[in-house]
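One structure is given here, and the rest of the page talks about it.
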Amino acid sequence: QELIEYKTMDDPSKIMAMKFLARLEFLMQLTRPSWQPIVTLKMVQLSMNYGHSPMSPLCFTYYGMLLARLGSIREGYSYVKIGRKLLDRDGYNEVAGEVITIGTQVRCFVEPVQSANEFFLQGHAAAMSAGDMNNAVMSSLAYAIGSYWAGTKLQILKERFAVLRSLMEKQNNLMLLAHQTPLERSMLMLIGTDERELPDQPNMAGDYSTMLIYFNKMYLTFMFREYEQMMAFAEKYFSYDVNSWSLLYIHTAQAFIGGLVAFWVSRKSNNHIWAERGCEAKFALKKWAESSEHNFQHKVYLL
């Protein structure tokens, strides 16, 4: 309560600095994830030294995500709720979409994902009302990805991804399109779409985008039980060490599928490195299950 009722920032130069850093948060998450904590902590420092600005709900939400990423999910979620309370109290519409979307990613590690995922739609609506098209599309993409891993029917997702793709192409938003396409291609192949009819993968350089491509190829060959191809893609996927300080629900799918693949390869090859990878995945899911048994305990048992 003391943090919510903290003083208001009145230094114009610090208010402008907070706006600049808020823009960087979104860009760093997509392009330089290892730098994101620097931006987040600088925004928190400015808020605590000079008072709350219209960007403070965003900085506390990102700070909550950072804490959750470091393993303190419940504590991180408390800061996410502080960000949302500041947003609701002061009506900072400029960052509302991003605050809700980032906060929902953490919410998915606490509340049942089937219900938590719906809050991305709130983020989309808030971003649209503020004219924030980037975060409107980001919210919709997060909703579609969350819906996939929560078990939504694939035919429904086919339409949802198609609408998103059309919007991204109109905006020439190749960065988010590169994030969507690997999963969209996997989903279409699972419902029997001819490979020649699949959407092309945008040619975007970057470790995270490339890692997503190999993860989805590994996932698809795992589902079709194509062991040799799966192992080749798995080796490429695990070769990427993307230092992301975000905590996204997609990370749970990567841990779960990566763990299943690793244990399969370990059994076939008797290679301890793959067994260790499987155990690391199981440990991560056990940790997440402490904050949400509903979402993760069954995955721990399956591993």
Donor-acceptor pairs under 3.5 angstrom involving side-chain atoms of residues 141-162: please list them, not counting sequence neighbours.
from   : atom 1 : to     : atom 2 : distance (Å)
Tyr143 : OH     : Glu118 : OE2    : 3.3
Ser147 : OG     : Asn117 : ND2    : 3.1
Ser147 : OG     : Tyr143 : O      : 2.7
Ser147 : OG     : Arg160 : NH1    : 3.0
Tyr148 : OH     : Tyr219 : OH     : 2.5
Thr152 : OG1    : Ser147 : O      : 3.0

[X] atom [atom1], over 12 foreign heavy atoms within 6.0 Å:
| X | atom1 | answer |
| --- | --- | --- |
| Asn49 | CG | yes |
| Met16 | CE | no |
| Phe263 | CZ | yes |
| Arg89 | CZ | yes |
| Met231 | CE | yes |
| Tyr214 | OH | no |

Contacts of Phe20 that satisfy ring-ring contact (aromatic ring centres under 6.0 Å, His included) - sequence neighbours left out: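 Phe20: no ring-ring contact (aromatic ring centres under 6.0 Å, His included) contacts found.
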
Heavy atoms, side chains only, cut-off 4.5 Å: are Thr181 and Arg185 in contact?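 In short, these two side chains touch, coming nearer than 4.5 Å.
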
By the side-chain hydrogen bond (donor to acceptor under 3.5 Å, both in side chains) test, which pairs, at least two apart or in different chains, include something from residues 259-268?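 side-chain hydrogen bond (donor to acceptor under 3.5 Å, both in side chains) check on residues 259-268 returns no pairs.
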
Where at least one partner belongs to residues 222-239, residue pairs that pass side-chain hydrogen bond (donor to acceptor under 3.5 Å, both in side chains), sequence neighbours excluded: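 Non-adjacent pairs meeting side-chain hydrogen bond (donor to acceptor under 3.5 Å, both in side chains): zero.
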
Could you tell me which non-hydrogen atom of [X] sits nearest to which non-hydrogen atom of [Y], and how far apart they are?
| X | Y | value |
| --- | --- | --- |
| Ala255 | Ala281 | O-CB, 3.2 Å |
| Tyr208 | His251 | OH-NE2, 4.3 Å |
| Gly278 | Ala262 | N-CB, 3.5 Å |
| Ser53 | Met9 | CB-SD, 3.7 Å |
| Val99 | Pro57 | CG2-C, 3.8 Å |
| Gly103 | Thr61 | N-CG2, 3.5 Å |

Mind checking salt bridge (charged side-chain N to carboxylate O under 4.0 Å, His left out) for Glu169 and listing every partner two or more places apart, or none if nothing turns up? Arg165

Does Thr221 use its side chain to pair, donor to acceptor, with the backbone of Lys217 at less than 3.5 Å?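 Yes; at least one donor-acceptor contact below 3.5 Å.
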
Do Asn173 side-chain atoms and Leu176 backbone N/O form a donor-acceptor pair below 3.5 Å? yes

Filter on ring pair (Phe, Tyr, Trp, His ring centres under 6.0 Å), then keep only pairs touching residues 98-121, sequence neighbours left out; what's left? Phe109-Trp288, Phe109-Phe296

Residue pairs involving residues 279-289 (criterion salt bridge (Lys or Arg N to Asp or Glu O under 4.0 Å); sequence neighbours excluded): Lys287-Glu290

Of all residues at least two apart in sequence or in a different chain, which pass the side-chain contact (heavy atoms from CB on, under 4.5 Å) check with [X]?
| X | answer |
| --- | --- |
| Glu94 | Lys19, Met55 |
| Thr40 | Glu25, Gln36, Tyr62, Tyr63 |
| Ile273 | Asn271, Arg277 |
| Glu197 | Thr193, Asp194 |

Taking side chain to side chain donor-acceptor pair (under 3.5 Å) as the definition, give me every residue that meets it alongside His124, ordered by chain and number, with sequence neighbours left out.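 Per chain and number, His124 pairs via side chain to side chain donor-acceptor pair (under 3.5 Å) with Ser140.
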
Answer yes if Ile213 and Leu248 sit in the same cluster of Ile, Leu, Val, Met, Phe, Trp and Tyr residues linked by side chain heavy atoms under 4.5 Å apart, and no otherwise. no

Rounded to the nearest 0.5 Å, what's the gap from OG on Ser186 to CD1 on Ile191? Could you check?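 So the OG of Ser186 and the CD1 of Ile191 are separated by 11.5 Å.
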
